[in-house]
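Below is one structure, written out as structure tokens; the observations come after it.
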Number of protein chains: 2
Amino acid sequence: MARTDTRGRILEAATDLFGVRGVDAVSLDVIAAEVGVAKQTLLYWFASKDDLVQAVLAQTAAQLGVAIEAAIRASGDDPLDRIEAVVKAVFRPAVRRPALLGLVREASRLSGPAAERLNGALRPLVERGVRYMEGEMDRGLLRRADPRLVAALCYATVTGIATEPEALRAVGWQPTTSELRRLRSELLAFLRAALAPG
Amino acid sequence: MARTDTRGRILEAATDLFGVRGVDAVSLDVIAAEVGVAKQTLLYWFASKDDLVQAVLAQTAAQLGVAIEAAIRASGDDPLDRIEAVVKAVFRPAVRRPALLGLVREASRLSGPAAERLNGALRPLVERGVRYMEGEMDRGLLRRADPRLVAALCYATVTGIATEPEALRAVGWQPTTSELRRLRSELLAFLRAALAPG
DNA sequence: GCACCTCTCTACCATATGGTAGAGAGAAGT
DNA sequence: ACTTCTCTCTACCATATGGTAGAGAGGTGC
């Protein structure tokens with residue numbers, strides 16, 4: 001890219017701002033000010049705001065996808081372990097960078113090609129997880145349940161909660177990082193209890 | 001209020017639009033067009049857009065609060081039954097009117113007094129539920145877990161999923177009403193499995 | 001030196017938005 | 001009949017936003 005990687009810095013700032021405040025609520029001027037360049041520099045690197053949104057979503061989807069794939073490959077055979085590995089893989093970047101999964105939630109609200117790109121990137125991962133869980137349920141290694149519900153549950157929990165401390169104020173709680181970590185293990189225990197066979 | 005209840009119609013339309021598209025993405029003009037009045041009629045009934053947002057959130061919080069309280073009073077003594085009753089109570093309006101809980105999610109992202117009002121109204125309900133679950137866990141009638149996690153899980157699931165068919169596209173699924181109903185019973189079974197003692 | 005390419009800037013535009021000013025219609029009270 | 005109050009309207013404004021036009025700075029190849 002560039003010498004000073006302006007494009008990269010714009011992407012980083014936009015990811016944080018979009019994820020935390022929402023795409024609609026963040027103007028190009030705000031992003032430009034955050035990066036420390038003129039607005040037109042943004043429009044040099046990205047043809048339009050929509051273009052920037054697409055790029056941010058694409059990058060986010062790719063990062064999450066890589067993390068999930070790696071977690072799956074590194075995990076053992078036990079389905080509960082594997083599910084745990086995936087949840088952890090999504091939790092880690094979410095805790096370090098709250099905006100990342102806030103974007104996923106944003107994408108589910110947005111319409112048009114930008115959202116399609118993110119969802120299009122994540123959907124195969126989900127589909128794969130669903131088929132995997134179905135198989136393990138058939139083999140009796142997981143309690144029978146709707147795999148999509150499990151996926152949706154993980155998605156909703158991690159996205160809406162672990163991701164975004166703001167959302168937790170709705171239940172009267174402003175968690176610290178260590179509390180988030182505890183929340184993660186609680187969630188995993190919860191999932192294990194719900195999915196353990198027999 | 002008025003003869004033709006213009007104020008009420010504005011509130012209804014704003015609730016739907018805010019909940020589905022998000023507060024930022026809906027302009028006063030759009031709401032006015034939806035109701036069939038001039039924008040200034042909105043500003044006659046509500047001093048500002050922020051005022052309208054506050055009114056919508058306050059009404060939504062009140063409705064959900066009433067539904068939850070009623071469900072608690074009507075339920076039996078078994079903690080699992082009671083939790084199920086509350087989830088159903090929140091699910092029912094959510095399915096009939098997807099925007100209602102979309103607003104809750106919106107509120108968690110908004111800042112300022114408007115969001116405070118909604119969250120302020122919902123927080124006591126959540127706190128009460130948390131204390132209740134703690135008590136039942138102490139008595140051994142619920143598996144020990146972080147009650148806030150359970151609350152957050154229900155919140156996230158119902159809010160982010162049952163509420164908004166859009167969000168489900170993220171996991172590649174566009175549910176019908178009957179599928180939502182099935183999803184609800186799946187969620188309840190999941191909760192029971194996770195919370196049943198021993 | 002000179003053309004060229006990359007990158008960032010200042011200046012400007014069209015549009016949409018939240019909000020104001022004020023007038024007019026119609027019912028109600030006197 | 002006259003005022004008053006409620007309610008809705010047309011016309012307008014200030015601001016912010018996404019986006020365009022075009023120039024200038026600084027390096028690179030010839």
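Naming convention: chains lettered A, B, ... in sequence-line order (proteins, then strands); numbering from 1 in each chain.
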With respect to the phosphate group of [N], does any side-chain polar atom (N or O) of [X] fall under 4.0 Å of OP1 or OP2?
| X | N | value |
| --- | --- | --- |
| A:Thr6 | C:dC7 | no |
| B:Tyr44 | D:dT8 | no |
| B:Ser27 | C:dT17 | yes |
| B:Trp45 | D:dT6 | no |
| B:Ser48 | C:dG18 | no |

Send over the distance from [X] [atom1] to [N] [atom2], rounded to a whole Å.
| X | N | atom1 | atom2 | answer |
| --- | --- | --- | --- | --- |
| B:Arg7 | D:dT8 | CZ | C1' | 16 Å |
| B:Asp24 | C:dT17 | CG | C1' | 12 Å |
| A:Ile10 | D:dG18 | CD1 | P | 14 Å |
| A:Phe46 | D:dT17 | CZ | P | 19 Å |
| B:Leu42 | C:dG19 | CG | C1' | 12 Å |
| B:Gln40 | C:dT20 | CD | P | 11 Å |
| B:Leu43 | D:dT10 | CG | P | 14 Å |
| A:Lys49 | D:dT20 | NZ | P | 15 Å |

May I ask you to test the [X]-[Y] pair for a side-chain heavy-atom distance under 4.5 Å?
| X | Y | result |
| --- | --- | --- |
| B:Arg82 | B:Asp78 | no |
| A:Met133 | A:Arg128 | no |
| B:Leu80 | B:Leu191 | no |
| B:Val23 | B:Val56 | no |

In this structure, would A:Val130 and A:Leu141 fall into the same cluster of hydrophobic residues linked by side-chain contacts under 4.5 Å?
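In one cluster with A:Val130: A:Leu141, no.
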
Side chain of B:Lys39 (C-beta onward), nearest among C:dC9, D:dC9, C:dG19:
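It is C:dG19.
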
Would you mind telling me which of C:dT17, C:dT20, D:dT8 lies closest to the side-chain atoms of B:Asp29?
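Looking only at heavy atoms from C-beta outward on B:Asp29, the closest nucleotide is C:dT17.
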
